Structures are given as structure tokens and as C-alpha cells.
Amino acid sequence: MELAQTIFLPLCLCLMFLIAQQTLLVSAAHKRQKHHPIKLFVFGDSLADTGNSPNDPNAPIHPWEYPFGITFPGKPTGRFSDGRVLTDFVAEFIRLKSPTPYRLRTMGVKKPTKYGMNFAHGGTGVLDGYVAPNMTTQIDFFQQLVDESVFKPKHLRKSVALIVLAGNDYGFYAALHHSYEIPQSFMESVVNQLTMDLKRLYDLGVKRVAVTTLPPMGCSSAFTSPLHKTCNEFVNAEAAVHNLLLQKAVAKLNKETQNSFIILDLYASFRSVFKNKGDRLGSIKFENPLKPCVLGEPWVVNKTTGVKKYTVCEDPKSTFFWDNAHPTQQGWRAVCLNLQATLGQLYYF
Ligand SMILES: *[C@@H]1O[C@H](CO)[C@@H](O)[C@H](O)[C@H]1NC(C)=O
Ligand SMILES: *[C@@H]1O[C@H](CO)[C@@H](O)[C@H](O)[C@H]1NC(C)=O
């Protein structure tokens with residue numbers, strides 16, 4: 001008993017000293033440090049959706065059904081993945097919880113606006129969204145909440161907007177014209193609309209606006225099946241043209257606004273993962289990053305027999321892609337590890 005006390009007391013004091021020293025160090029660093037944004041507002045498509053797509057039995061993909069969400073949180077949440085998606089990783093990086101999906105804000109979520117809001121909806125484009133609200137409509141939803149003072153200017157000034165697009169506008173165009181050849185004039189109209197959307201978010205009061213480049217969708221399983229060995233470089237080259245137009249537009253916006261706009265280069269980050277078979281530093285490995293977890297005809301079920309025309313891999317942590325178009329949680333983690341330097345720019349001084 002006595003012995004225990006004599007050991008315990010100095011240990012305790014020593015710990016207190018260490019803790020005090022730590023606190024001093026932390027507060028000293030804090031003065032020089034940037035501050036994390038207080039809210040995150042997300043717009044875009046299935047790469048960023050965390051629950052806005054309704055449970056629609058007629059939709060081609062059913063993110064509210066098994067096996068979506070098997071890795072996190074262990075059940076479907078409307079995310080187009082086995083687990084966390086880009087939104088969740090960006091939120092974590094800026095030390096926020098993932099913002100509540102707009103559609104679920106009235107469904108019993110506690111303090112649904114605390115961390116911002118996610119308006120992203122699977123299937124969205126900047127021009128059209130078949131059944132999904134397009135980018136303009138998503139920003140309309142946001143503006144309505146700003147008009148109602150749910151989000152106040154003093155909050156918006158220290159918040160981040162994230163715009164995530166995988167290229168649905170081009171997918172719709174290709175389907176309509178039965179060709180993957182996208183005229184430059186159409187790309188210009190997409191980027192022009194996107195640029196207006198970015199400026200609109202800035203004008204609404206959000207002073208950090210991040211936009212993603214199109215990922216190399218020519219490397220998604222839709223284009224690499226059945227061998228999953230080589231990407232469709234024609235499709236990737238078109239994404240690169242869009243990205244170049246976007247970079248020019250953002251550079252122009254930045255001249256007008258003291259560098260408020262940031263490009264999150266998904267294209268380069270995905271490419272780097274494919275080349276390195278993992279993240280840049282080698283903490284994550286994928287044996288074949290082009291081979292998805294879900295093989296066969298993703299999400300197709302024979303309506304008469306109920307037999308699935310696809311298989312789901314045993315360990316989604318071992319694959320970069322989840323299905324035809326969407327990364328797994330581990331895929332997104334690798335992408336975001338590559339983006340850390342850029343994500344750091346989301347912090348405020
Ligand atoms: C977005 O969708 C709305 C509603 O369907 C439509 O009226 C509008 O024209 C679309 N916006 C663009 C830029 O195409
Ligand atoms: C569904 O399965 C049945 C029985 O195997 C087969 O005859 C039918 O062609 C299948 N339907 C489709 C759309 O593949």
C-alpha cells in the first residue's frame with residue numbers, strides 16, 4: 001500500500017508536468033497555426049454523396065442495400081462505396097464530422113447543420129441530372145438556407161465549399177449521342193457553368209472553394225472490363241481537356257478573388273495510385289488497382305430467378321475500385337493521402 005503510494009505520487013506529478021508542458025507547446029503552436037474551417041458544404045455527384053440519393057428500386061445502383069457500407073459503418077448509408085467516400089475524408093482532414101446530407105436534415109439528426117451540409121447527389125451534372133438535382137439546384141437549396149439565416153455570413157466566411165464531379169454531364173452526352181467523342185464546345189459550356197457555380201458559392205460568402213478535377217474515368221472498370229489491364233486513354237484525354245479548361249477558369253477566378261479557389265486534383269491523384277499500386281508513400285497497396293471488388297455485371301439481378309449477375313470480393317480493402325465507377329473506402333484513403341498538401345490549403349489563417 002505504502003509502496004504503491006510512493007511510486008504513484010511522483011509518477012502522477014511527472015505526468016502532470018508533462019501534460020502542462022504539452023499544453024504550453026500546443027497553445028504556442030496554435031498562435032502560429034492555421035485554423036480549421038468551421039463548416040463544410042459539399043456539392044456534386046456520387047463521389048461525394050453520403051445519403052441524398054433516395055432508396056429507389058428503379059435506380060441502376062442501390063446504395064441503400066447490401067453490400068454497400070459493409071466496411072463502414074457495416075450497413076448501407078446511401079454512400080456509393082463499401083465505406084467512407086471523399087466527403088468523409090475531406091471532413092476528417094479539416095477536423096470536422098462528415099456534414100449531414102441535405103435530404104436527411106429533418107430525419108431526427110441532432111444538430112444537422114453543425115458541421116455544414118452535404119448537397120451532393122448521385123447522378124448529378126452541372127447541366128443536367130437525370131433524376132438528380134443538378135449543381136444549380138443544389139446551390140439553390142444551399143442559398144435558401146443562407147436566406148433563412150440557418151447559415152450566417154460570419155460562419156460562411158470561415159467555411160469550405162467542396163465541389164466534386166466525376167463527369168456525368170459527359171456520360172449523359174455520350175449516351176445521347178452514342179459516342180464518347182465530346183466536342184470541345186460542349187466541354188466549354190460545362191466548364192463555363194461550373195465556373196459560374198464556383199463564383200456563386202463565393203458570392204454567397206464561402207471564402208474557400210475547392211473543386212475537383214475529373215478523375216481518369218477511362219481507368220474505371222466500365223472501360224477496363226473484362227481484363228482490367230489497361231485504361232481507355234481516349235476517355236482520359238477528354239477528362240484532361242476538361243481539367244485544363246477548369247484550371248484556366250480557376251486561375252482567372254483566383255486573380256479576381258485573392259486566391260479563394262483551390263483545385264483538388266483527383267486526376268493526378270488517381271493516376272498516381274494506379275502507377276504506384278497504392279498511395280505515394282506506400283502505406284496502402286493494391287495488387288491490381290484497376291480490378292474492382294464487384295465483378296460481373298455490377299448490381300444486375302435476373303428479375304425472374306433473383307440470381308445476381310455479379311460477385312463481391314472478400315476483402316474490399318484490397319481493391320481500389322468498388323464497382324464500375326466508384327472507389328472503395330481504401331481507394332479514397334489512398335487518393336486523399338496523395339492530396340494532403342492541397343487539403344492543407346483548406347485551413348484558414
Ligand atoms: C438545372 O435543373 C433545373 C431544374 O431541372 C433546370 O431548370 C436548369 O436549367 C438546370 N440548370 C442548368 C444550368 O442546366
Ligand atoms: C434469367 O434466368 C432465366 C433462367 O436461367 C433465363 O432463362 C433468363 O434468360 C434470364 N433472364 C435474363 C434477363 O438474363
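As the structure is a computational prediction, the values presented were derived from the model and not from experiment. Just so you know, ligand 1 is whichever comes first in the structure, and atom 1 is the first atom listed for that ligand.
The aromatic rings of His36 and Tyr347 sit perpendicular to each other, their planes meeting at more than 60°, with 30° as the lower class boundary.
Residue-ligand proximity, Thr304 to ligand 2, at heavy-atom distances under 4.0 Å covers atoms 1 (C). Interface of Thr305 with ligand 2, defined as ligand atoms under 4.0 Å from a residue heavy atom, comprises 2 (O), 3 (C), 4 (C). Counting atoms of ligand 1 from 1 in the listed order, those under 4.0 Å from a heavy atom of Thr136 are 11 (N), 13 (C).
For the pair Cys293/Phe320, no side-chain contact is recorded, criterion being any heavy-atom separation below 4.5 Å from C-beta on. Proximity of Pro292 to Leu295: side-chain heavy atoms (C-beta onward) are separated by under 4.5 Å at one or more points.
Both Phe43 and Leu198 are assigned to one and the same hydrophobic cluster, defined by single-linkage of ILVMFWY side chains at heavy-atom distances under 4.5 Å. In this structure, Leu201 is not a member of the same hydrophobic cluster as Leu162, with clusters built from ILVMFWY side-chain heavy atoms closer than 4.5 Å.
At the top of the distance list for atom 1 (C) of ligand 1, counting protein heavy atoms only, stands Asn134 ND2, 1.5 Å. In this structure, the protein non-hydrogen atom closest to atom 14 (O) of ligand 1 is Leu127 O, 2.9 Å. Given atom 4 (C) of ligand 1, the protein heavy atom at minimum distance is Thr137 OG1, 4.2 Å. Nearest non-hydrogen protein atom to atom 3 (C) of ligand 2 is Asn302 ND2, 3.6 Å.
Per-atom contact check: atom 7 (O) of ligand 1 does not touch the protein, criterion being a heavy-atom distance below 4.0 Å. At a distance under 4.0 Å, a protein heavy atom can be found next to atom 11 (N) of ligand 2.
Residues Glu233 and Arg271 are paired through a salt bridge, judged by an N-O separation under 4.0 Å between the basic side chain and the carboxylate. A salt bridge links Asp140 to Arg200: one of the charged nitrogens lies within less than 4.0 Å of a carboxylate oxygen.
Proximity of Met135 to ligand 1, defined as any heavy-atom pair under 4.0 Å, is not found for any part of the residue.
Put simply, part of Lys309 is less than 4.0 Å from ligand 2, judged by heavy atoms.
A cation-pi arrangement is not found for Arg79 relative to Phe68, the charged atom failing to lie both closer than 6.0 Å to the ring centre and inside a 45° cone about the ring normal.
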